[in-house]
There are 2 protein chains.
Amino acid sequence: MPVTIYDVAKKAGVGIGTVSRAINNSAQINPATKAHVLKIIKELHYQPHALAQSLARKKTFTIASVVPFFTNYFFVELLKSVQAALSNNNYDLILYSINRMDRRDTTLDRVLTERRADGVLIFSLGVSDEYAEKFIDSQIPVVIVDHMHPQIDSIVIANREGAYLATQHLIQVGHEQIGMIDGHLSSYPAILRLEGFKQALQENHLTFYDQWLEICDARVGEHGFNEAAGYKAMKRLLSRNSRLPTALFVASDVQALGVMRAAKEAGLRIPDDIALVGFDDIELAKFVGLSTMHQPIAQMGQMAVDHLLQRIQGVHHNGFYTELKAKLIVRESCGAKQAFRVQVE
Amino acid sequence: MPVTIYDVAKKAGVGIGTVSRAINNSAQINPATKAHVLKIIKELHYQPHALAQSLARKKTFTIASVVPFFTNYFFVELLKSVQAALSNNNYDLILYSINRMDRRDTTLDRVLTERRADGVLIFSLGVSDEYAEKFIDSQIPVVIVDHMHPQIDSIVIANREGAYLATQHLIQVGHEQIGMIDGHLSSYPAILRLEGFKQALQENHLTFYDQWLEICDARVGEHGFNEAAGYKAMKRLLSRNSRLPTALFVASDVQALGVMRAAKEAGLRIPDDIALVGFDDIELAKFVGLSTMHQPIAQMGQMAVDHLLQRIQGVHHNGFYTELKAKLIVRESCGAKQAFRVQVE
DNA sequence: ATGAAAGCGCTAACAG
DNA sequence: CTGTTAGCGCTTTCAT
């Protein structure tokens with residue numbers, strides 16, 4: 001039987017209110033009695049019961065996060081920064097992971113309904129208008145990360161711009177025949193990255209060839225953002241084109257890894273036969289010399305938490321929507337160094 | 001103001017007890033009234049308050065997990081399987097991530113004390129006797145994963161045996177001069193893998209050369225299990241040896257990636273100049289053709305959850321300790337195929 | 001089968 | 001400043 005506030009009160013010879021005041025360093029307590037109570041607390045190894053506190057305070061000091069799968073580098077890094085930021089503010093993190101997309105609504109309902117948390121972080125998940133409504137009704141602060149909804153505070157990477165920049169770089173380096181490997185278009189970033197890609201081509205008066213665009217198969221919940229999908233997509237690209245592009249913008253680094261594997265198998269050299277730019281800047285991008293768009297993931301997590309905590313404290317920016325810029329990292333796979341060398345000579 | 005059980009009771013014209021019985025499909029309720037109450041519940045969009053339920057039931061349907069960092073592939077995969085298993089059993093997961101090792105005890109105390117959870121999963125963390133004691137006293141079921149304590153139920157990978165097998169393979173393939181790159185010895189698996197390595201050498205009457213053992217620097221909380229540490233360790237190995245080993249057992253795949261990068265920079269070819277076997281079988285091991293020890297991570301997560309849930313239900317195996325076997329996956333980096341080819345010819 | 005009442009452990013308003 | 005009391009929202013006897 002764990003020790004309760006009553007045990008402490010009795011042993012300290014005070015009322016439970018006083019004990020409560022001692023714990024919550026209330027100003028309304030005599031320093032002497034407070035010290036005494038605290039001493040008894042130590043002796044008894046008393047620890048407040050978080051759930052009881054939450055119930056009485058109507059405040060849980062817990063944030064719920066809804067994450068699809070989270071096997072992926074991006075989520076992990078994000079979760080890590082979120083966890084760090086939360087823990088700095090003495091908030092706990094409860095994880096609702098969505099393994100099957102058909103359970104998404106069930107999970108959202110649960111989050112909405114259980115009221116275990118003071119706020120909700122939704123990662124990379126599209127929220128239907130119906131659920132946006134529900135969240136707004138419920139009054140519980142929500143921020144969506146890596147996706148957006150007009151009615152809900154959202155933080156995203158500037159995907160369109162990032163893709164534009166990546167493609168732009170390929171063009172600057174001298175490429176004119178550029179293809180793209182994208183994630184499945186059920187993914188919001190995949191859509192935007194394709195848009196950015198097309199925009200860059202267009203602005204440079206290059207034509208977009210449909211047969212040079214490969215969309216990865218969407219395995220459950222992952223939108224094709226994995227190595228195997230990239231590999232398969234590249235295989236397809238190779239088999240259905242007699243004339244290949246000289247460069248490829250790949251929507252994510254893990255996919256780019258798959259693309260590299262397929263290219264290698266086909267005897268294609270990177271960047272000589274085919275140049276590559278990825279997106280994400282995972283740790284291994286450096287390892288394989290992959291040029292890519294670096295995303296400020298940690299900053300995104302930190303910002304999401306900051307903003308959510310603000311909202312919980314009642315600060316309400318209307319229609320909060322932030323885009324974080326991705327930054328080009330030039331390594332070997334885009335052939336840039338080679339190209340620059342030519343310029344210099 | 002959210003709707004409570006009282007609102008439902010009033011509107012349904014019953015007592016709150018009956019409503020409660022309806023929700024918890026108690027047998028002690030007339031099917032007709034139950035149906036009626038359920039209908040009202042639908043109408044009112046009533047949802048039970050999880051915290052209040054937990055407080056009254058003295059049961060939270062939540063598991064606390066204590067994870068160091070979790071940036072690493074191993075944890076992510078593990079957490080994923082844990083999350084899946086938990087969610088199948090309608091348990092929630094609350095995450096206590098340890099970013100700074102000096103906060104470890106604080107975190108454990110919090111877990112112990114807040115009583116938010118019915119059980120605790122501790123990952124890859126050594127538990128001091130003091131805390132083992134505390135956990136046992138607290139009566140709260142705990143299982144340690146990827147580490148062990150004699151007093152606490154533990155599930156680990158058979159690290160010593162895995163390392164032994166990996167080294168054994170290198171030997172079978174013809175290597176006699178074998179070195180090792182290990183994680184920092186503050187890590188339990190790092191210690192065991194070194195032991196297994198030494199044992200294999202010894203049983204084959206090969207000598208262990210101290211200058212061919214590199215221990216990675218332990219950056220905070222990671223025990224050197226990352227790409228950069230592997231890279232640096234390999235650099236050191238190369239710089240301080242004039243005569244190199246012909247093969248290396250590397251304690252983890254991510255480190256092996258770093259080793260490969262350093263080897264490549266030094267103009268060493270794998271496996272021709274130096275053969276490699278890793279440990280973990282991360283997704284990228286396949287990509288780079290790294291031979292490695294595959295760990296049944298998902299199975300480990302599932303088993304941890306199963307066991308913890310059993311304990312929560314009161315089943316108590318005394319001194320539960322399980323080792324899951326790692327399995328050798330032969331790819332290119334160990335030079336095995338080549339060696340086999342030679343044998344065949 | 002069902003309503004009333006007594007907690008679960010704590011906070012906060014209310015008197016003093 | 002401090003003790004008492006009334007909730008927080010629900011489960012669970014205990015009568016009926």
Side-chain angles (χ1 to χ4, degrees), chain A residues 1-38 40-41 44-62 110 112-118 138-140, chain B residues 1-38 40-41 44-62 110 112-118 138-140:
Chain A
M1 219 44 328
V3 15
T4 75
I5 204 172
Y6 284 93
D7 303 319
V8 176
K10 182 154 41 153
K11 178 146 188 189
V14 299
I16 60 164
T18 302
V19 177
S20 176
R21 275 175 283 249
I23 310 169
N24 301 291
N25 17 36
S26 155
Q28 320 232 64
I29 186 175
N30 183 317
T33 44
K34 176 170 174 177
H36 176 233
V37 170
L38 255 24
I40 304 291
I41 285 180
L44 259 35
H45 297 292
Y46 166 76
Q47 296 292 156
H49 191 300
L51 259 35
Q53 286 183 312
S54 296
L55 188 60
R57 283 206 263 244
K58 291 171 171 294
K59 165 110 177 128
T60 64
F61 280 102
T62 301
R110 234 172 120 196
L112 220 26
T113 224
E114 287 186 339
R115 274 163 295 170
R116 281 172 183 272
D118 299 335
S138 79
Q139 308 262 30
I140 180 168
Chain B
M1 226 24 354
V3 15
T4 76
I5 204 171
Y6 284 92
D7 303 319
V8 177
K10 182 154 40 153
K11 178 145 187 189
V14 299
I16 60 165
T18 302
V19 178
S20 177
R21 267 161 275 212
I23 310 169
N24 301 291
N25 19 34
S26 153
Q28 321 232 64
I29 186 177
N30 184 316
T33 46
K34 175 169 175 178
H36 176 233
V37 171
L38 256 24
I40 304 291
I41 285 180
L44 260 36
H45 298 293
Y46 165 76
Q47 296 291 155
H49 190 299
L51 259 37
Q53 285 184 313
S54 296
L55 188 61
R57 287 192 188 133
K58 294 170 168 293
K59 165 110 179 127
T60 64
F61 281 102
T62 301
R110 234 173 119 198
L112 220 26
T113 223
E114 286 187 340
R115 273 164 297 171
R116 280 171 185 272
D118 299 334
S138 78
Q139 308 262 29
I140 182 169

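Every chain is numbered from 1, with letters handed out A, B, ... down the list of sequences. Fair warning: this is a prediction, and the values are worked out from it, not measured in the lab.
- Note: CD (Glu114(A)) to C1' (dC8(D)) measures 18 Å, nearest angstrom.
- One end of the helix from dA1(C)-dT16(D) to dG16(C)-dC1(D) points its axis 50° away from the other end's axis, with each axis taken from 5 pairs and the angle rounded to 10°.
- Computed from coordinates, the Asn30(A) CG to dG3(D) P distance equals 11 Å when rounded to whole Å.
- Nearest-nucleotide mapping onto DNA chain C: of Thr33(B) and Arg115(B), the residue sitting toward the 5' end is Thr33(B).
- Contacts of Thr33(B) classified as side chain to side chain donor-acceptor pair (under 3.5 Å), with partners at least two apart in sequence or in another chain: none.
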Could you pull out every donor-acceptor pair under 3.5 Å between side chains of residues 7-22 of chain A and any protein atom, sequence neighbours left out?
from: Asp7(A); atom 1: OD2; to: Thr4(A); atom 2: N; distance (Å): 2.7
from: Ser20(A); atom 1: OG; to: Asn24(A); atom 2: ND2; distance (Å): 3.3
from: Arg21(A); atom 1: NE; to: Gly17(A); atom 2: O; distance (Å): 3.4

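- Distance CG (Leu55(A)) to P (dA6(D)): 18 Å, rounded to an integer number of Å.
- The two residues Ile140(A) and Ala117(A) have their closest heavy-atom pair at CD1-O, 3.5 Å.
- Partners of Arg110(B) by side chain to side chain donor-acceptor pair (under 3.5 Å), not counting sequence neighbours, listed by chain and number: Asp92(A), Glu114(B).
- Residues satisfying the side chain to side chain contact (heavy atoms under 4.5 Å, CB included) test with Ala56(A), not counting sequence neighbours, are none.
- We find that CG of Asn25(A) is positioned 15 Å from P of dC1(D), with the value rounded to whole Å.
- Listed here is the closest heavy atom pair of Gln53(A) and Pro48(A): NE2-CB, 3.4 Å.
- Partners of Ser54(A) by side chain to side chain donor-acceptor pair (under 3.5 Å), not counting sequence neighbours: none found.
- Considering only side-chain N and O atoms, Lys58(A) lies under 4.0 angstrom from the phosphate OP1 or OP2 of dG9(D).
- If you check every strand for non-hydrogen atoms under 4.0 Å, Ile29(A) touches sugar and phosphate atoms only.
- No side-chain heavy atom of Pro2(B) sits less than 4.5 Å from a side-chain heavy atom of His49(B).
- A close approach under 4.0 Å does not occur between any side-chain nitrogen or oxygen of Ser54(A) and OP1 or OP2 of dC8(D).
- Distance His49(A) NE2 to dC8(D) C1': 14 Å, rounded to the nearest Å.
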Go along nucleotides 11-16 of chain D 5' to 3' and tag each nucleotide: B for a protein heavy atom under 4.0 Å from its base, S when only backbone or sugar atoms are that close, - otherwise. BB----
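- Between dC1(D) and Lys34(A), no contact under 4.0 Å exists linking OP1 or OP2 to a side-chain N or O.
- Taking atom NZ of residue Lys10(B) and atom P of nucleotide dG9(D), one finds them 14 Å apart after rounding to whole Å.
- Residues that satisfy the ring pair (Phe, Tyr, Trp, His ring centres under 6.0 Å) test with Tyr46(A), not counting sequence neighbours, are absent from this structure.
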